[in-house]
Amino acid sequence: MSDGYSNFKKTDDICEGVCGKGSRAALTISRLRCMLRGYDIRTYIFVFVIIPPAIFGLYLHGQKISYFLRPLWESPPKPFIELPHYYHDNITMETLCNLHGWKVREFPRRVFDAVLFSNEIDMLMIRWNELYPYVTQFVLLESNSTFTALLKPLLFARNKDQFKFVEPRLTYGTIGGRFKKGENPFVEEAYQRFALDQLLRLAGIEDDDLLIMSDVDEIPSGHTINLLRWCDDTPPVLHLQLRNYLYSFEYLIDNKSWRASVHRYKKGRTRYAHYRQSDLILADAGWHCSFCFRYISDFIFKMKAYSHTDRVRFAHFLNSKRIQDVICRGSNLFDMLPEEYTFKEIIGKMGPIPHSYSAVHLPAYLLNNAEKYKYLLPGNCVRERG
């Protein structure tokens, strides 16, 4: 036993002796003061002023930080070999094929255009009118389930009367979703794309027919498909470089959309997919208009339905007023940074997308029906509620 306090004496008693006595509230404050004795003001500021906002900021902007630092932990994919694309109305098909290093055929190949359909009625109408003169068979598969296992109506079936012009060339099928909650959405997406393979066979596709693989909103230009069906010696798999738009043809992001592809069909080898399948890409071959919807309700539906549903991190992202404001500013619906692989490209694309006032070389059906589809043209960002 020393002259100091006993080793068995309670800490509270020590603090009471050191920090004083009084009422219960005063005693609590005294104890807290006692426990914090020995820490300077800089420590208090760090613990109570710096750390909490830092944690909250990381919660709000962690995804942005991750995307900004992407160049540090992920290398860019192998660049495509870009093929020049020649076209003019007044040039013969033989000349066009020769310009590409190909030979002209005696007769064109058959063309099959196959899509999975969700809710893009207007985009489908523009797509099919653009491709109608060159497509042998349109193949469309519709599910009663989104990729995220949400029940959805069969919207194409409801609106089928609008598409009577393709009815003689249409193979339409439906598939029931599996509705497995919590499953990776890309599993359901792969399941539906596999079913589309089966539907293509029912549609009568054969070896050396051309097969267009792309989403509804990835629209090849008609003259591109006409070129590929008339030319021999074309690559067996060729990606299409599309002009990349967001919300409408007013917001041109870049020319780097690449997932659309055209295949010379080979039984037993060709599988419907939406990923990179070749190193070759044909320049300036059409348009990709993502989230190009007439109604705010369609934006909300897609945000909840498509495979990247994890991007809806906060409930207010689905607020109608916020979505309308985002569209008119050309900002990101999910408050994300650009998905790029270099700091230069990330910084160059930060902020709203610049407005484009060019409506040159857009799908002819769109311009012929400009009043009906004015929300897709420059200067018309306001959407209907739906």
Side-chain angles (χ1 to χ4, degrees), residues 52-68 117-124 143-155 158-159 177 179 181-186 188-189 215-217 244-253 288-340 346 349-356 372-386:
I55 293 173
F56 185 65
L58 191 62
Y59 170 70
L60 287 179
H61 304 293
Q63 187 184 65
K64 287 184 178 179
I65 295 170
S66 174
Y67 273 72
F68 186 77
F117 182 78
S118 178
N119 66 330
E120 308 97 329
I121 289 290
D122 285 355
M123 280 291 107
L124 185 66
S143 175
N144 66 342
S145 168
T146 68
F147 295 155
T148 52
L150 299 175
L151 182 68
K152 66 172 285 290
L154 297 176
L155 288 174
R158 289 184 182 181
N159 292 275
F179 297 102
K181 296 290 184 181
E183 184 179 62
N184 188 322
F186 289 100
E188 177 68 24
E189 181 176 345
D215 286 348
V216 171
D217 58 9
N244 199 15
Y245 295 88
L246 186 65
Y247 310 140
S248 73
F249 293 99
E250 180 171 353
Y251 300 105
L252 176 62
I253 302 172
H288 179 193
C289 199
S290 184
F291 279 90
C292 290
F293 296 115
R294 181 187 299 271
Y295 302 109
I296 294 291
S297 58
D298 287 332
F299 284 85
I300 295 172
F301 173 82
K302 181 168 181 177
M303 291 171 74
K304 294 190 295 185
Y306 86 140
S307 297
H308 296 286
T309 184
D310 59 302
R311 295 177 178 178
V312 185
R313 294 176 292 126
F314 306 106
H316 77 273
F317 280 11
L318 301 176
N319 177 271
S320 297
K321 186 176 182 302
R322 174 191 176 271
I323 291 172
Q324 180 61 81
D325 182 58
V326 166
I327 294 168
C328 285
R329 286 189 288 111
S331 299
N332 190 284
L333 280 171
F334 305 99
D335 194 26
M336 292 171 55
L337 289 182
E339 298 181 75
E340 298 294 346
I346 290 172
K349 287 186 177 181
M350 287 175 66
I353 304 166
H355 295 258
S356 168
K372 181 178 180 181
Y373 299 109
K374 66 180 181 180
Y375 74 94
L376 291 173
L377 297 172
N380 298 281
C381 69
V382 177
R383 296 297 194 267
E384 301 175 37
R385 288 283 177 176

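Note that the numbering runs from 1 along the sequence shown for the chain.
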> Can any side-chain N or O of Tyr247 pair as donor or acceptor with the backbone N or O of Ser331 at less than 3.5 Å?
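Indeed, once roles are kept as given, a pair shorter than 3.5 Å links the two residues.
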
> With a sphere of 6.0 Å drawn around NZ of Lys374, does it hold more than 12 non-hydrogen atoms of other residues, nucleotides or ligands?
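Not more than 12 within 6.0 Å, no.
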
> Under the 6.0 Å and 45° cation-pi test, does Arg322 pair with Phe317?
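Yes, a cation-pi geometry holds between Arg322 and Phe317.
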
> Between Phe117 and Leu155, is any pair of side-chain heavy atoms under 4.5 Å apart?
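They are in contact (side-chain heavy atoms under 4.5 Å apart), so the answer is yes.
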
> Rounded to the nearest 0.5 Å, how far apart are CG of Asp215 and CE of Met123?
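Asp215 atom CG to Met123 atom CE measures 12.5 Å (nearest 0.5 Å).
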
> Do any N or O atoms from the side chain of Arg329 and from the backbone of Ile327 form a donor-acceptor pair under 3.5 angstrom?
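Such a contact is absent between Arg329 side chain and Ile327 backbone.
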
> State the OG-CG distance between Ser248 and Asn380, to the nearest 0.5 angstrom.
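Answer for the OG-CG pair, Ser248 versus Asn380, is 8.0 Å.
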
> Could you report the tightest heavy-atom contact between Ser118 and Phe301, atom names first, then the distance?
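Residues Ser118 and Phe301, closest heavy atoms: OG-CE2, 3.5 Å.
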
> Rounded to the nearest 0.5 Å, what's the gap from CG on Leu124 to CG on Asn159? Could you check?
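Result: 10.0 Å between the selected atoms.
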
> May I have the step-by-step check of side-chain contact (heavy atoms from CB on, under 4.5 Å) for Phe293 and Glu120, ending in yes or no?
CA-CA 7 Å; Phe293 296 115; Glu120 308 97 329; 3.9 Å; yes

> Ignoring hydrogens, what is the shortest heavy-atom contact between Gly379 and Glu250? Give both atom names and the distance.
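Heavy atoms of Gly379 and Glu250 come nearest at N-OE1, 2.8 Å.
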
> I'd like to check the side-chain contact (heavy atoms from CB on, under 4.5 Å) partners of Ser290; sequence neighbours left out, ordered by chain and number.
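Ser290 satisfies side-chain contact (heavy atoms from CB on, under 4.5 Å) with Asp217, Leu246, His288, Lys302 only.
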
> In Å, rounded to the nearest 0.5 Å, how long is the span from CG of Leu318 to NZ of Lys304?
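These two atoms lie 6.5 Å from each other.
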
> Should the pair Phe314 and His316 be assigned to parallel (<30°), tilted (30 to 60°) or perpendicular (>60°) ring geometry?
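Phe314 vs His316 ring planes: parallel.
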
> Can you tell me how far the NE2 atom of His355 sits from the OH atom of Tyr251, to the nearest 0.5 Å?
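Interatomic distance, His355 NE2 to Tyr251 OH, rounded to 0.5 Å: 4.0 Å.
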
> Should Arg294 and Asp298 count as an ion pair when the cut-off is N to O under 4.0 Å?
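Looking at Arg294 and Asp298, the cut-off is not met.
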
> Take Val312 and Phe334 through the side-chain contact (heavy atoms from CB on, under 4.5 Å) test and state the conclusion after the steps.
CA-CA 6 Å; Val312 185; Phe334 305 99; 3.7 Å; yes

> Shortest non-hydrogen contact from Ile296 to Ile323?
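Shortest heavy-atom contact: CD1-CG2, 4.0 Å.
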
> Does one side chain, of Thr146 or Thr148, offer a donor that lies under 3.5 Å from an acceptor on the other?
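Yes, a side-chain donor-acceptor pair sits under 3.5 Å.
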
> Identify the two heavy atoms, one from Ile346 and one from Glu340, that lie closest to each other, and give their separation to 0.1 Å.
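Shortest heavy-atom contact: CG1-CB, 3.7 Å.
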
> Which heavy atom in Glu188 sits nearest to a heavy atom in Glu183, and how many Å separate them?
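Closest heavy-atom pair between Glu188 and Glu183: N-OE1, 4.2 Å.
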
> Testing the basics here: between Pro153 and Arg158, what is the closest heavy-atom pair and its distance to 0.1 Å?
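Closest approach of Pro153 to Arg158, heavy atoms only: CB-NH2, 3.5 Å.
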
> Under a 3.5 Å distance rule, please check whether Gln324 uses its side chain to pair with a backbone N or O of Cys381 as donor and acceptor.
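It does hold such a pair.
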
> Is the backbone of Gly177 close enough, under 3.5 Å, to the side chain of Asn144 for a donor and an acceptor to pair up by distance?
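Yes.
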
> Could you state the interatomic distance from OH (Tyr295) to CG (Asp122), rounded to the nearest 0.5 Å?
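If I round to the nearest 0.5 Å, the distance is 7.5 Å.
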
